Chemist: 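First the structure, which I've put down as structure tokens, then a few questions once you've had a look.
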4 protein chains.
Amino acid sequence: MARPRSEEKQRAILEAAIHAVASHGVTAPTTMIAKEAGVAEGTIFRYFPTKDDLLNAVFLHLKQQLRSTMIASDAPADSIEQRARESWNSYVDWGVLDTNASRALNQLSVSDRITAEARVEADALFPELSELAEPHPDSPLADCGSDYYNSVFSALADATIGYVAYHPDRAAACKAAGFTMLWKGMGHP
Amino acid sequence: MARPRSEEKQRAILEAAIHAVASHGVTAPTTMIAKEAGVAEGTIFRYFPTKDDLLNAVFLHLKQQLRSTMIASDAPADSIEQRARESWNSYVDWGVLDTNASRALNQLSVSDRITAEARVEADALFPELSELAEPHPDSPLADCGSDYYNSVFSALADATIGYVAYHPDRAAACKAAGFTMLWKGMGHP
Amino acid sequence: MARPRSEEKQRAILEAAIHAVASHGVTAPTTMIAKEAGVAEGTIFRYFPTKDDLLNAVFLHLKQQLRSTMIASDAPADSIEQRARESWNSYVDWGVLDTNASRALNQLSVSDRITAEARVEADALFPELSELAEPHPDSPLADCGSDYYNSVFSALADATIGYVAYHPDRAAACKAAGFTMLWKGMGHP
Amino acid sequence: MARPRSEEKQRAILEAAIHAVASHGVTAPTTMIAKEAGVAEGTIFRYFPTKDDLLNAVFLHLKQQLRSTMIASDAPADSIEQRARESWNSYVDWGVLDTNASRALNQLSVSDRITAEARVEADALFPELSELAEPHPDSPLADCGSDYYNSVFSALADATIGYVAYHPDRAAACKAAGFTMLWKGMGHP
DNA sequence: TATGAATGAGTATTCATTCAT
DNA sequence: CATGAATGAATACTCATTCAT
């Protein structure tokens, strides 16, 4: 599939897919996505050869979007704790602000239609998480693999996002509590 | 007077469903489940009127299984920390030992085909989690809602189970690290 | 299938089938019929080898029931018109009185699951209709076949029954009008 | 811009449905209809969202067809009797000429899958039947409801069509006899 | 290139019938 | 003989994908 003409149409399809997946899961029919995107049924397949390709593209698109958010908020940080907290905060905020995006990403994350390659590619977007995760020798995480921290980070963040979505008034408390867990869990005092 | 309804067959269907859902998600076709269970397709619907009923039954079955495991390992605990750690350990061990069960439970947990009732019923099986979660006033969790802890517990546990499944040699380290996170996150020193 | 033991059970099945067919058409499931008859699903098939056999039996049963009614009301008639009118009246009354029976018979009459043999057998139950129908040479019916009259008789009667079922207050008028049609149509003055 | 929706295909589906319903009743499977129409099974559902929609469309299609026939034969009539007789004749002729159509219409008419709306719409196609039915005060039909005549008209016509289908040589006699019944039954001398 | 009509394999569910108890 | 559990072919409908326009 050659790069298709309309960048805008591709974007519309992605956005429509996000919305559809958020509300109907990965089984959301392509017809529904097409309708929501304002394109014909067949058009989707000129931009994404199969539905799976589309789903994986959505997955990466969301991860990149999240990535951008985190960079945007990347103020020069005083301390490593500050940087870590800001990563955490922007991650959670992104999910809370754009519920659709967050819900869609959750659905995709657990779906077996997202390939291992896409997952690897997505993880590579967040190198600083790994860096922050670099545990000091006496951290409890020292003997866990390097991406155990990553798993835990997103697991905690997703749980927090999900919870805050239903209890917006507790957003601040939960964000703080979640970060404390992460930070103390790494062996910081 | 007729052939009695077979407890064993019902079990076979549940087990088959677990396996099928673990590897194909909740969209695993009933034909596949039937074949795996060694029964005719129609038989499934004698035991579970609809596929959704089957899925909810599987969900509760797995939760109960998990529950039993945790009770079985419920040694008289010296301290509250000890009790908490044992809950955590047996939860994670269950998932690690029976990967299918754990994967299926994850798929079901995020599926919108599991009813709110089933979820409530499932949560009621783990009252001690809530009790352990009771935060003291100066815990970071104090201002979060009461089930934020629960969300975090399963999120961390599932992440740990998933990770350990791929890195069995690090099981001990990850289990310990995960619990530390949880424990310290609650404000314990 | 040997004549089965319980005459009573056979009757219960027939009655249940009448009710089920009246309200759900010939597609009424055998399980529903069994339940309504208070017998097990399989029992039906000890009395009637197939569902089609059951339906044909119901058809004949209803025709016989109708037949009995008409005989019962068969007072010694003064004139041939009187006899004809009484036939007509008892036929229509039967349908009006037992709506279920009438509805079921209608459903069965138009169903292609009733065999030609059953239809012939049923017609043979009403020989006097044919006799009454014997047209005099100058009747408009003279050149129609002998059972055209029969068809017309039941067509008119069924239409009348159906109409009266919804407009019970007009029963008398419709019965009279229907008979007039029949009688005058035969060339009587 | 895409392939236009084919009027011809819709027609093929309707015709196939008529044929299938005529010979197998309303339970004729959609696969059979599709095969007979020479289209894929899914295609049926592009033209008719559900099978019930298809059945209702077939019902109306047949009524309209019948309607056209009757209009076509609508010569300027000398008398009201002449007009009535021509209505009757063309109705019966239609059924005799196209046995499938007539059989299908009969099946549909008694089916509970034809909606009340469709029936009302169909009746509205034949306003002159109601007009002709307007009974004079001393008609036997005077005290019956206004659509008793309609019921009787179709009942007689269908019976006649059915009979003539098997005895084509008696068509003329039966048509005449049937009309006489109707006409005399209305109190005409 | 975009469209949307056409496709047909795939899905959950039903039901007449069989047969172990 | 009666029961009802088990069966699996059949059914209406869906949907990712193809392809004529």
Side-chain angles (χ1 to χ4, degrees), chain A residues 1-2 4-6 9 27-35 38-55, chain B residues 1-6 9-10 27-35 37-55, chain C residues 1-6 9 27-35 38-55, chain D residues 1-6 9-10 13 27-35 37-55:
Chain A
M1 176 206 51
R5 194 66 61 76
S6 162
K9 210 158 275 189
T27 60
T30 50
T31 49
M32 174 186 287
I33 298 172
K35 202 171 293 173
V39 301
E41 293 185 43
T43 303
I44 287 184
F45 296 93
R46 304 194 63 77
Y47 289 82
F48 307 95
T50 70
K51 190 186 181 185
D52 278 13
D53 287 316
L54 170 58
L55 291 176
Chain B
M1 206 185 297
R3 209 176 325 182
R5 197 174 275 215
S6 153
K9 210 157 274 189
Q10 168 147 347
T27 60
T30 50
T31 43
M32 175 184 289
I33 297 173
K35 204 169 292 172
V39 300
E41 201 175 352
T43 302
I44 288 183
F45 296 93
R46 293 212 129 237
Y47 289 84
F48 306 95
T50 68
K51 190 185 177 186
D52 278 13
D53 287 316
L54 170 58
L55 291 177
Chain C
M1 175 205 50
R3 260 302 125 89
R5 193 67 59 76
S6 160
K9 211 159 273 188
T27 60
T30 51
T31 49
M32 173 185 288
I33 297 172
K35 203 171 292 170
V39 302
E41 293 185 43
T43 302
I44 286 183
F45 296 94
R46 303 195 63 77
Y47 289 82
F48 307 94
T50 70
K51 189 186 181 186
D52 278 12
D53 287 315
L54 170 58
L55 291 177
Chain D
M1 207 184 295
R3 207 176 326 180
R5 195 173 277 214
S6 152
K9 210 157 276 189
Q10 166 148 347
I13 294 171
T27 60
T30 51
T31 43
M32 173 184 288
I33 297 174
K35 204 170 292 172
V39 300
E41 200 174 355
T43 303
I44 287 183
F45 297 94
R46 294 211 129 238
Y47 289 84
F48 306 95
T50 69
K51 190 187 177 185
D52 277 14
D53 286 316
L54 171 58
L55 291 177

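Values in this document were obtained by computation on a predicted structure and should not be read as measured data. By convention in this document, chain letters (A, B, ...) are assigned in the order of the sequence lines, proteins followed by strands, and residues within each chain are numbered from 1.
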Chemist: Once you apply a heavy-atom cut-off of 4.0 Å, does A:Thr50 come out as touching a base, just sugar-phosphate, or nothing?
Modeler: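 Sugar-phosphate contact only.
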Chemist: Would you mind reading off the distance between C:Ile44 atom CD1 and F:dA2 atom C1', rounded to a whole angstrom?
Modeler: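 Distance check: C:Ile44 CD1 to F:dA2 C1' gives 13 Å.
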Chemist: Expressed in angstrom and rounded to an integer, what is the separation of D:Met32 atom CE from F:dT11 atom C1'?
Modeler: 12 Å
Chemist: In whole Å, what is the span from the CD1 atom of D:Ile13 to the P atom of F:dC13?
Modeler: 14 Å
Chemist: What distance do A:Glu41 atom CD and A:Lys35 atom NZ have between them, rounded to the nearest 0.5 Å?
Modeler: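 Between A:Glu41 CD and A:Lys35 NZ, I get 8.0 Å after rounding to 0.5 Å.
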Chemist: Hey, does the side chain of D:Thr30 come within less than 4.0 Å of F:dT11's phosphate (OP1/OP2), counting only N and O?
Modeler: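 Negative; the distance criterion is not met.
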Chemist: Taking the side chain of A:Phe45 as heavy atoms from C-beta outward, which of F:dT3, F:dC13, F:dA16 is closest to it?
Modeler: F:dA16
Chemist: To the nearest angstrom, how far is B:Lys35 atom NZ from F:dG8 atom P?
Modeler: 12 Å
Chemist: Hey, which of these two, D:Val39 or A:Val39, hits DNA chain E nearer its 5' end, going by closest nucleotide?
Modeler: A:Val39
Chemist: Shortest non-hydrogen contact from D:Ile13 to D:Phe48?
Modeler: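 Between these two residues, the closest heavy atoms are CG2-CE1, 3.7 Å.
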Chemist: Would you say a side-chain N or O of C:Tyr47 is under 4.0 Å from OP1 or OP2 of F:dC1?
Modeler: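 Answer no for this pair, as no side-chain N or O of C:Tyr47 is under 4.0 Å from OP1 or OP2.
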Chemist: Please name the pair of heavy atoms, one in C:Lys9 and one in C:Val39, separated by the smallest distance, quoted to 0.1 Å.
Modeler: CG-CG1, 3.5 Å
Chemist: Once you apply a heavy-atom cut-off of 4.0 Å, does B:Phe48 come out as touching a base, just sugar-phosphate, or nothing?
Modeler: nothing
Chemist: Would the base of F:dA6 count as contacting B:Arg46 through its side chain, where contact means a donor and an acceptor less than 3.5 Å apart?
Modeler: yes
Chemist: I need the CG-C1' distance between C:Asp52 and E:dC15, as an integer number of Å.
Modeler: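 Taking CG of C:Asp52 and C1' of E:dC15, I get 14 Å after rounding.
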Chemist: Sort out the partner of E:dA20 for me: Watson-Crick or G-U wobble, both distances under 3.5 Å, none otherwise.
Modeler: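 Per the H-bond distance test, F:dT3.
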Chemist: If you check every side-chain atom of A:Ala40, which of E:dA12, E:dG4, F:dA6 has the closest atom?
Modeler: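 Between E:dA12, E:dG4, F:dA6, the one nearest the side chain of A:Ala40 would be E:dG4.
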Chemist: Start at the 5' end of DNA chain E and walk down; is the nucleotide closest to C:Glu41 or to D:Glu41 reached first?
Modeler: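 Mapping each residue to its closest nucleotide by heavy atoms, the 5'-most match is D:Glu41.
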Chemist: So, OP1 or OP2 of F:dT3: does either fall under 4.0 Å of a side-chain N or O from C:Thr43?
Modeler: yes
Chemist: Output the rounded distance in Å from CZ (B:Arg5) to P (E:dA20).
Modeler: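 The distance from CZ of B:Arg5 to P of E:dA20 comes to 19 Å, rounded to the nearest Å.
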Chemist: If you compare every side-chain N and O of D:Lys9 against the phosphate oxygens of E:dA5 (OP1, OP2), does one of them come in below 4.0 Å?
Modeler: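 Checking D:Lys9 against E:dA5: no side-chain N or O falls below 4.0 Å of OP1 or OP2.
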Chemist: Could you tell me whether a side-chain N or O of D:Arg5 sits under 3.5 Å from a main-chain N or O of D:Arg46, the two making a donor and an acceptor?
Modeler: yes
Chemist: Does any N or O in the side chain of B:Tyr47 come within less than 3.5 Å of the main-chain N or O of B:Ser6, such that one atom is a donor and the other an acceptor?
Modeler: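 It does hold such a pair.
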Chemist: So if I take every side-chain heavy atom of D:Thr31 and compare against E:dG4, F:dT11, E:dA16, which nucleotide ends up nearest?
Modeler: F:dT11
Chemist: From E:dA5, F:dT21, F:dT3, pick the nucleotide closest to the side chain of D:Pro4?
Modeler: F:dT21
